[in-house]
Colleague: 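I'd like to ask you about the structure that follows.
Below, chains carry the letters A, B, ... as their sequence lines are ordered, and counting in each starts from 1.
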Amino acid sequence: KQEVTQIPAALSVPEGENLVLNCSFTDSAIYNLQWFRQDPGKGLTSLLLIQSSQREQTSGRLNASLDKSSGRSTLYIAASQPGDSATYLCARQGGSEKLVFGKGTKLTVNP
Amino acid sequence: GAVVSQHPSRVICKSGTSVKIECRSLDFQATTMFWYRQFPKKSLMLMATSNEGSKATYEQGVEKDKFLINHASLTLSTLTVTSAHPEDSSFYICSARAWLAGGGETQYFGPGTRLLVL
């Protein structure tokens with residue numbers, strides 16, 4: 001069974017802190033790995049997509065890495081801001097077109 | 001990025017009625033769309049894959065007669081929850097598959113539909 005685990009489930013940090021969100025998956029046969037942001041009661045916004053041939057992707061203050069051999073991905077957020085408060089979801093895509101999601105990490109950045 | 005819309009954003013209905021949710025890709029064509037369901041503090045669970053011009057593919061445990069999917073055009077898929085019951089209350093999210101310029105694919109997600117069955 002394909003599983004995606006995200007740790008921690010919730011994280012609260014003061015503004016300005018750098019932080020790392022973790023994602024692990026059981027099946028290393030990965031097509032791509034995506035990180036999404038979800039605000040309360042809203043849909044998903046894609047943040048970063050890492051294809052299987054890549055090791056990391058960067059966008060602004062966000063950096064995502066992928067280590068297929070260990071089945072891990074991390075999302076690094078630099079200089080966190082209150083506007084970064086949301087739930088962050090990672091999802092792996094295997095050989096099929098299906099995305100398998102983790103339960104997410106709920107991030108709160110306190111002013 | 002590409003835009004996917006959902007309508008309605010929120011619906012309240014009585015038990016036993018049917019509810020239709022629309023998912024539209026606004027600026028691209030999507031031969032494949034996906035329907036997900038999300039319970040509070042849970043992962044998004046894929047319900048079915050909607051293919052334009054053919055029958056949807058349902059995930060194990062999802063009743064196809066309960067959740068009717070129609071993908072009649074390249075920009076529209078609909079999910080109809082038939083004879084809704086309170087346990088069908090959930091957040092339903094659709095996505096549309098798109099191809100990336102540099103190769104590979106991704107999914108663009110709609111804003112979701114909150115269904116409450118009384």
Colleague: Counting heavy-atom pairs under 4.5 Å to chain B, which of A:A9, A:G43, A:S46 comes out on top?
Modeller: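 Heavy-atom pair counts peak at A:G43.
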
Colleague: For A:R37 versus A:S85, what's the shortest heavy-atom pair and its separation?
Modeller: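 Looks like NH2-O, 3.4 Å.
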
Colleague: When the side chains of residues 91-98 of chain B are checked against the rest of the protein, which donor-acceptor pairs come out under 3.5 Å, sequence neighbours left out?
Modeller:
from: B:Y92; atom 1: OH; to: B:D88; atom 2: O; distance (Å): 2.7
from: B:S95; atom 1: OG; to: B:Q107; atom 2: OE1; distance (Å): 2.7
from: B:R97; atom 1: NH1; to: A:E97; atom 2: OE1; distance (Å): 2.2
from: B:R97; atom 1: NH2; to: B:T32; atom 2: OG1; distance (Å): 3.3

Colleague: Between the main-chain N or O of A:Q51 and the side-chain N or O of A:Q54, is there a donor-acceptor pair closer than 3.5 Å?
Modeller: yes

Colleague: Please confirm whether the backbone N or O of A:P8 pairs with a side-chain atom of A:T105, one donor and one acceptor, at under 3.5 Å?
Modeller: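 Side chain of A:T105 to backbone of A:P8, a donor-acceptor pair under 3.5 Å: yes, one is there.
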
Colleague: Does any backbone or side-chain atom of B:S9 lie under 4.5 Å from a heavy atom of chain A? Answer side chain, backbone, both or neither.
Modeller: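 Neither part, no heavy atoms under 4.5 Å.
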
Colleague: Checking A:L49 against chain B: side chain, backbone, both or neither under 4.5 Å from a heavy atom?
Modeller: side chain

Colleague: What part of A:Q6 gets within 4.5 angstrom of chain B, counting heavy atoms only: side chain, backbone, both, or neither?
Modeller: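 The answer is neither part of A:Q6.
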
Colleague: Under the 3.5 angstrom rule, does the side chain of B:S43 hit a backbone N or O of A:G102 as a donor-acceptor pair?
Modeller: yes

Colleague: Can you tell which part of B:L44 gets under 4.5 Å to a heavy atom of chain A, answering side chain, backbone, both or neither?
Modeller: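 When you check distances to chain A, atoms from both the backbone and side chain of B:L44 fall under 4.5 Å.
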
Colleague: Heavy-atom cut-off 4.5 Å, strictly under: side chain, backbone, both or neither for A:L89 against chain B?
Modeller: side chain

